[in-house]
Participant: 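The structure that follows is given in the form of structure tokens.
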Amino acid sequence: AMAEEQRQEQQQMQEAVERFTEEQRRQSMARQFQQYVIDNGPNCMHGSNKMDGICSRFVFTFNEEFNEAACKDPYADADLLSCLTAAQDATLDEFAEVWSDSAKMKMAISWFLFVGT
């Protein structure tokens with residue numbers, strides 16, 4: 001019984017650490033996104049373009065869905081294609097306007113390039 005209690009406590013602690021880590025990641029992403037949207041300096045965004053409202057929401061949602069797919073099982077390595085597919089599937093209907101407009105998609109891709117550099 002004592003060993004089982006210790007195992008449950010360890011599991012609860014691990015779950016708490018994972019939730020805390022995920023929350024930190026989300027907050028960091030939100031800060032990056034906010035800085036991108038409000039920053040008006042032309043040289044600090046690595047050549048990216050300013051986004052309109054729907055593109056901003058698309059990028060945020062796509063990123064959230066991608067990360068959710070990547071973090072579904074913290075002990076398994078999610079492959080890039082399955083995470084991209086999950087994010088695409090989750091945003092395809094709601095953000096059809098972005099997916100079908102090359103200028104809007106260019107803005108979204110520009111943001112991902114900004115974050116990646």
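Values reported hereafter were calculated over all heavy atoms of this structure, with side chains retained and with hydrogens, waters and symmetry mates removed. The residues of the chain are indexed from 1 along the displayed sequence.
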Participant: Report the distance from atom CZ of Phe66 to atom OG1 of Thr85, rounding to the nearest 0.5 Å.
Facilitator: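 Spacing of CZ (Phe66) from OG1 (Thr85) equals 10.0 Å.
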
Participant: How long is the gap from NZ on Lys106 to SG on Cys55, to the nearest 0.5 Å?
Facilitator: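 The NZ atom of Lys106 sits 12.5 Å away from the SG atom of Cys55.
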
Participant: Show your working on side chain to side chain contact (heavy atoms under 4.5 Å, CB included) between Trp99 and Gln88 and close with a plain yes or no.
Facilitator: CA-CA 9 Å; Trp99 283 107; Gln88 179 185 17; 3.8 Å; yes

Participant: If you measure from CD on Gln10 to CD on Glu5, what distance do you get to the nearest 0.5 Å?
Facilitator: 12.5 Å

Participant: With a 3.5 Å cut-off and no angle check, do the side chains of Gln8 and Glu4 form a donor-acceptor pair?
Facilitator: yes

Participant: Find the distance between SG (Cys83) and CD (Glu68) and round it off to the nearest 0.5 Å.
Facilitator: 10.5 Å

Participant: Nearest 0.5 Å, what's the CZ-CD distance between Arg57 and Glu97?
Facilitator: 8.5 Å

Participant: Under 4.5 Å between side-chain heavy atoms, counting indirect links through other Ile/Leu/Val/Met/Phe/Trp/Tyr residues: same cluster for Leu113 and Leu80 or not?
Facilitator: yes

Participant: Between atom CG of Leu84 and atom CZ of Phe62, what is the distance when rounded to the nearest 0.5 Å?
Facilitator: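 These two atoms lie 5.0 Å from each other.
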
Participant: Taking all atoms of both residues into account, what is the closest heavy-atom pair of Ala86 and Ala69, and its distance?
Facilitator: CB-CB, 3.7 Å

Participant: List the steps and the verdict of side chain to side chain contact (heavy atoms under 4.5 Å, CB included) for Glu94 and Phe58.
Facilitator: CA-CA 9 Å; Glu94 183 179 353; Phe58 167 78; over 6 Å; no

